[in-house]
S.K.: 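Here's a structure for you.
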Amino acid sequence: MKNTSRWGLPLALALVAGGAAASEGDWVAQIKKAQGVVAIERGTQHYEGAVGVRLKENDVIVTRGEASVGMIFNDNSMLSLGPNTEVVLQRYSYDPTTYLGAFDARVRRGSVVVTTGNIAGQSAGAMRILTPEAELQGGRASSYAVSVEGR
């Protein structure tokens, strides 16, 4: 008789852990630091924004109260969100062979620190941070802060 119980626990853990985990081919970033209440909104689903959670295009990242979160993208770009911030990962595509891609993030409210990665290094206009009042384009090896007040 074949023993199939050895797959029971790993399969159960994979199913439980699969909530906010993006499948291997479609994730664009990963949370590296999180402090306080961080939430990920993916369509109609809501997840805790814990360290290790992978993010997908169109995810909304929200920090509440004094929370903060830092994430690194597949092209080595980084976003750090301060307290009471909401950011939508509107568009993200990246080819690790050519370093070409596109990165659009919309800051709805709060403060964000951006460090550009490979996408902006290949084409400055390919990385954009959008706010209700302005559009910022990342250049090669740049870092900047964005703040959207009163929203």
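Just so it is clear, the structure is predicted and the values come from calculations on it, not from any experiment.
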S.K.: Identify the two heavy atoms, one from Ser93 and one from Ile119, that lie closest to each other, and give their separation to 0.1 Å.
M.R.: O-CD1, 3.5 Å

S.K.: Answer yes or no: is there a side-chain heavy-atom contact under 4.5 Å between Val114 and Ser77?
M.R.: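 With C-beta onward as the side chain, the pair stays apart.
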
S.K.: Is there a side-chain contact between Leu89 and Glu57 (heavy atoms, below 4.5 Å)?
M.R.: no

S.K.: To check you understand the geometry: which heavy-atom pair defines the closest contact between Ala102 and Arg91, and what is its length?
M.R.: CB-CZ, 3.5 Å

S.K.: To the closest 0.5 Å, what do you measure between CG (Leu55) and CG (Asn58)?
M.R.: 12.0 Å

S.K.: Please round to the nearest 0.5 Å and tell me the distance separating atom CE of Met78 and atom OG of Ser143.
M.R.: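 These two atoms lie 7.5 Å from each other.
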
S.K.: Report the distance from atom OG of Ser123 to atom CG of Asn118, rounding to the nearest 0.5 Å.
M.R.: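 Ser123 atom OG to Asn118 atom CG measures 13.0 Å (nearest 0.5 Å).
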
S.K.: According to a 4.5 Å side-chain heavy-atom criterion applied to Ile, Leu, Val, Met, Phe, Trp and Tyr, with indirect links allowed, do Tyr99 and Met127 form part of one hydrophobic cluster?
M.R.: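 Result: yes, single cluster for both.
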
S.K.: Among Asp59, Asn74, Val53, find the residue that satisfies the side-chain contact (heavy atoms from CB on, under 4.5 Å) test when tested with Trp27.
M.R.: Asn74

S.K.: To the nearest 0.5 Å, what is the distance between NZ (Lys32) and OG (Ser80)?
M.R.: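 If we round to the nearest 0.5 Å, Lys32:NZ and Ser80:OG are 13.0 Å apart.
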
S.K.: Can you give me the closest heavy-atom contact between Val107 and Pro132, atom names plus distance?
M.R.: O-CD, 3.5 Å

S.K.: Indicate yes or no for a side-chain donor-acceptor contact from Thr85 to the backbone of Ser111 under 3.5 Å, with no hydrogens or angles considered.
M.R.: yes

S.K.: How far apart are the closest heavy atoms of Ala105 and Leu79, and which atoms are they?
M.R.: CB-CD1, 4.4 Å

S.K.: With a 4.5 Å cut-off on side-chain heavy atoms, are Arg54 and Asp26 touching?
M.R.: no

S.K.: Other than Val60, which residues form its hydrophobic cluster under the rule that side-chain heavy atoms must be closer than 4.5 Å?
M.R.: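 Noted: Val60 shares its cluster with Val62, Val88.
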
S.K.: So, the side chain of Gln30 versus the backbone of Gly52: is there a donor-acceptor pair under 3.5 Å, distance only?
M.R.: yes

S.K.: Just grab all the ring-ring contact (aromatic ring centres under 6.0 Å, His included) pairs involving residues 76-96, residues at least two apart or on different chains.
M.R.: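 Residue pairs with at least one partner in residues 76-96: Phe73-Tyr92, Tyr92-Phe103.
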
S.K.: Cluster question for you: counting only ILVMFWY and a side-chain heavy-atom cut-off of under 4.5 Å, with indirect links fine, are Val112 and Tyr144 together?
M.R.: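 Yes, Val112 connects to Tyr144 through the hydrophobic network.
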
S.K.: With rounding to the nearest 0.5 angstrom, report the CD to NE2 distance, Glu41 to His46.
M.R.: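 Between atom CD of Glu41 and atom NE2 of His46 there are 5.0 Å.
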
S.K.: Side-chain contact, heavy-atom cut-off 4.5 Å: Ile61 with Ile40?
M.R.: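 Ile61 vs Ile40: side chains touch.
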
S.K.: Hydrophobic clusters here meaning ILVMFWY residues chained together by side-chain heavy-atom distances under 4.5 Å, can you tell me if Leu136 and Val148 are in one?
M.R.: yes

S.K.: Going through the distances and angles, do Gln35 and Thr63 end up as a side chain to side chain contact (heavy atoms under 4.5 Å, CB included)?
M.R.: CA-CA 9 Å; Gln35 181 178 343; Thr63 60; over 6 Å; no

S.K.: Between Leu81 and Met71, which heavy-atom pair has the shortest distance, and what is it?
M.R.: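 Shortest heavy-atom contact: CD1-CE, 3.7 Å.
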
S.K.: Closest heavy-atom contact between Asn84 and Gly65?
M.R.: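 Taking every non-hydrogen atom into account, OD1-N, 3.0 Å.
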
